[in-house]
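Note that the coordinates shown come from a computational prediction; the quantities given were computed from them, not determined experimentally.
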Amino acid sequence: LAKNFNEEFGDFERNEKKEAARKLILTACNLLYEKNPSWYYIMIDSCVAGMSSAQIAKVLQTSTRNVDVMKHRARKYLQKKLGKEYQEFF
C-alpha cells in the first residue's frame with residue numbers, strides 16, 4: 001500500500017515544491033523590477049542567461065565593478081524583502 005501511495009502521490013510533493021519555487025522566483029523578479037529595473041535586467045542576464053559580469057558591463061557600457069555592486073545590492077534587497085524564504089531558496 002505504501003509503495004502505491006508514493007507512486008500515486010509522490011509527484012504531488014515535488015510539484016508543490018516546484019510551484020512554490022516558481023512563485024518565489026516571480027515574486028523576486030517583480031520586487032527587483034519595481035525597485036530598480038537595472039537590478040532586474042542584471043540578475044536575469046546573470047542568473048538566467050548565464051552572462052558574466054564583464055559581458056553585462058559591456059552591454060550596459062559600464063564597469064564590471066558597477067555590475068557586481070548592483071548584483072550585490074539586488075541580492076541584499078531580496079534578502080531583506082523575502083527574509084526566510086530567501087535563505088531557504090537562494
Side-chain angles (χ1 to χ4, degrees):
L1 181 64
K3 183 178 178 183
N4 290 336
F5 181 83
N6 286 333
E7 288 173 5
E8 187 79 25
F9 297 104
D11 286 339
F12 177 77
E13 184 176 315
R14 283 189 291 272
N15 289 337
E16 193 174 274
K17 287 181 182 178
K18 284 182 185 178
E19 182 62 19
R22 186 186 71 78
K23 286 180 181 179
L24 184 60
I25 290 168
L26 287 174
T27 299
C29 288
N30 287 332
L31 286 168
L32 286 177
Y33 190 82
E34 289 171 7
K35 177 68 175 175
N36 185 333
S38 293
W39 291 355
Y40 167 81
Y41 290 116
I42 286 170
M43 294 306 286
I44 291 295
D45 288 345
S46 177
C47 298
V48 177
M51 293 173 68
S52 69
S53 293
Q55 292 170 317
I56 296 167
K58 188 175 180 180
V59 170
L60 296 179
Q61 298 179 336
T62 190
S63 69
T64 301
R65 175 75 178 133
N66 193 31
V67 170
D68 289 338
V69 167
M70 287 193 278
K71 285 183 351 185
H72 175 76
R73 289 179 181 168
R75 287 186 182 110
K76 284 300 208 180
Y77 177 74
L78 288 177
Q79 189 175 24
K80 179 181 173 185
K81 288 300 234 180
L82 299 174
K84 186 179 177 185
E85 290 177 301
Y86 179 90
Q87 297 297 330
E88 291 173 359
F89 187 75
F90 299 105

Side chains of [X] and [Y] in contact at under 4.5 Å (non-hydrogen atoms):
X   : Y   : value
K71 : R75 : yes
M43 : M70 : no
M51 : V59 : yes
C29 : I44 : yes
L60 : I42 : yes

Transitive ILVMFWY side-chain link V69 to L78, under 4.5 Å |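 Each belongs to a different hydrophobic cluster.
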
In one Ile/Leu/Val/Met/Phe/Trp/Tyr side-chain cluster, 4.5 Å: Y40, L26 |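 Looking at the clustering, L26 is in a separate group from Y40.
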
Inter-residue atom distance [X].[atom1] - [Y].[atom2], 0.5 Å rounding:
X   : Y   : atom1 : atom2 : answer
S38 : L32 : OG    : CG    : 11.0 Å
E34 : W39 : CD    : CH2   : 12.5 Å
N66 : S53 : CG    : OG    : 10.5 Å

Heavy-atom pair of closest approach, residues T64 and A54 =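 Of all heavy-atom pairs spanning T64 and A54, the closest is OG1-CA, 3.7 Å.
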
Compare every heavy atom of E85 with every heavy atom of L24, then report the nearest pair and how far apart it is.
->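 In this case the closest contact between L24 and E85 is CD2-O, 3.8 Å.
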
Does a sphere of radius 6.0 Å around OH in Y33 hold more than 12 heavy atoms from other residues, nucleotides or ligands, not counting ones at 6.0 Å or beyond?
->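 Not more than 12 within 6.0 Å, no.
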
Is the number of heavy atoms from other residues, nucleotides or ligands under 6.0 Å of K35 NZ greater than 12?
->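 Open: at most 12 neighbouring heavy atoms sit under 6.0 Å from NZ of K35.
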
